[in-house]
Amino acid sequence: SSGINAEYGGAAIAQRITTIPDNLSVEGIEDFNSLAKYYGDRTPLSFRHDYHSQLFGNAPIESNFASLSQALCLPITVSELLQKTTEQGVNYLVVDCRPRDQYTAGHLPGAVHLDPDTMLSDPALFTTNVATVLLTQRKTYLEDDVSLSHLCFMGSSREEEDQLLNMIIAHFLHRKTQFVSSARDGYKALHDLLEEAVETGLEDHDSTRCVVCIEEGQQRLSATELSISNDNNNIVSKMSLAMKVTTSNMRSKLGSLWSEDLTGRHVTTAVKSKPYRGVDNVFSIDDEEDDDVIGGGASSSEESDREMINITLWEGRSDILHSFSVEEITPDGKMFQSVLMLTATHLYNIRRVPLREGMGFIRYRYAFSTIARITAKKKHPDVITFKFIKENKELLAYRYLIPDSKTVTSKITSLIPPES
């Protein structure tokens, strides 16, 4: 079709299609009808229901039809997947392209898993998995004596996790794979359609790990809290006031831990342009006030813009000398699961991504030569603050809760080069 499109253009293609029957002989009409029925029966029922009248009839073009021009393959409804074989003879092999931890928490029976993360992290494994999917499609066709299965690709319907879904579909299309479709609105739509039958309709479903169940539980909790608030407005108002007072007191008490001044006794105003360098020992224990810039947490939009990495693969890299699991503490008191990785020259902070087991993104990468000071609190020796010198001589600090902090700080200080 691409060759015809390049030569004739859209209007000419439509004209050519309408004139194809003109060349048929009387004897060929029966064969033509047989072919039309053959391919019609192998077109997904939901696609025919939604678009047939707009493609071949006089129905007005709607917004959902306009979006079809942007689709890589035939979009079908998840309700059609709940039938192994439709009356029209369409057989489906569902290819679940969600992260492995989500697939193992619930999937459609008979679905095969194609881990999207391997497409970039392990291309050789991805190629092997693609071959397995195609072999399964062919095997079903030969053993069950049915038409070749449609490969229906299913994502999670979560934008941040479905970024690779279109790339995977395009990969199969590039291989000239026949009968490729995608499940509209993905696993979320399937989960919502099953409703109360989700436990029997899905295989290996685990509500404690299923992301849809978790989100629905949070929404129900929020709705319940709102209802209680409306029914008991006076009581809640009193409780809210008490909580505000308590929170204010707690913030005051915790202020010395989360928002401390980072210069303290180590740096005087006269030498602040060259902080901490030239001292004998980079690591110290101190409880003085700090006033330097403390690194904050990344917003959800910032996280989505960062490159995702496979933490396990990174830990296996030849240049990674040490790796430590820690919790980063942000200025507002939030804590994030993170990993500190050490090379011979740099310190990496990699924040783990919730619901994406083994995945993370790089928060920062600093040379050991830029570390001005590493401090610990007397009362909280596992709360460690790293202070880096920026190009403008300003100090930037990041704070962590580090198990076995003595070992970690020892490894890091041993890699800090002496001041030249």
Listing, residues 352-361 side-chain donor-acceptor contacts under 3.5 Å, not counting sequence neighbours, or none:
{"unit_1": "R356", "atom_1": "NH2", "unit_2": "D117", "atom_2": "OD1", "d": "2.7"}
{"unit_1": "R356", "atom_1": "NH2", "unit_2": "D117", "atom_2": "OD2", "d": "3.3"}

Quiz item: Among V212, V78, L193, which one satisfies side-chain contact (heavy atoms from CB on, under 4.5 Å) with K188?
Solution: V212
Self-check item: By salt bridge (charged side-chain N to carboxylate O under 4.0 Å, His left out) - contacts of D122 (at least two apart)
Solution: none
Practice problem: For the residue pair Y103 and H107, categorise the inter-ring angle as parallel (less than 30°), tilted (30 to 60°) or perpendicular (more than 60°). | Solution: parallel
Exercise. Could you label the plane-to-plane angle of the W314 and Y348 rings as parallel, tilted or perpendicular, counting under 30° as parallel and over 60° as perpendicular?
Key: perpendicular
Exercise. Without swapping roles, check the side chain of H346 against the backbone of M341 for a donor-acceptor pair under 3.5 Å.
Key: no
Quiz item: Side chains of S181 and Y92: closer than 4.5 Å at any heavy-atom pair?
Solution: yes
Exercise. State, with a plain yes or no, whether a side-chain heavy atom of I168 is found less than 4.5 Å away from one of F126.
Key: yes
Quiz item: Do R209 and T104 have side chains that get closer than 4.5 Å, going by heavy atoms?
Solution: yes
Quiz item: Relative to each other, are the rings of H191 and H205 parallel, tilted or perpendicular (30° and 60° limits)?
Solution: tilted
Quiz item: Can R399 and T385 be counted as having a side-chain donor-acceptor contact under 3.5 angstrom?
Solution: yes
Exercise. Please check if any side-chain donor atom of D404 sits under 3.5 Å from a side-chain acceptor atom of T407, or the reverse.
Key: yes
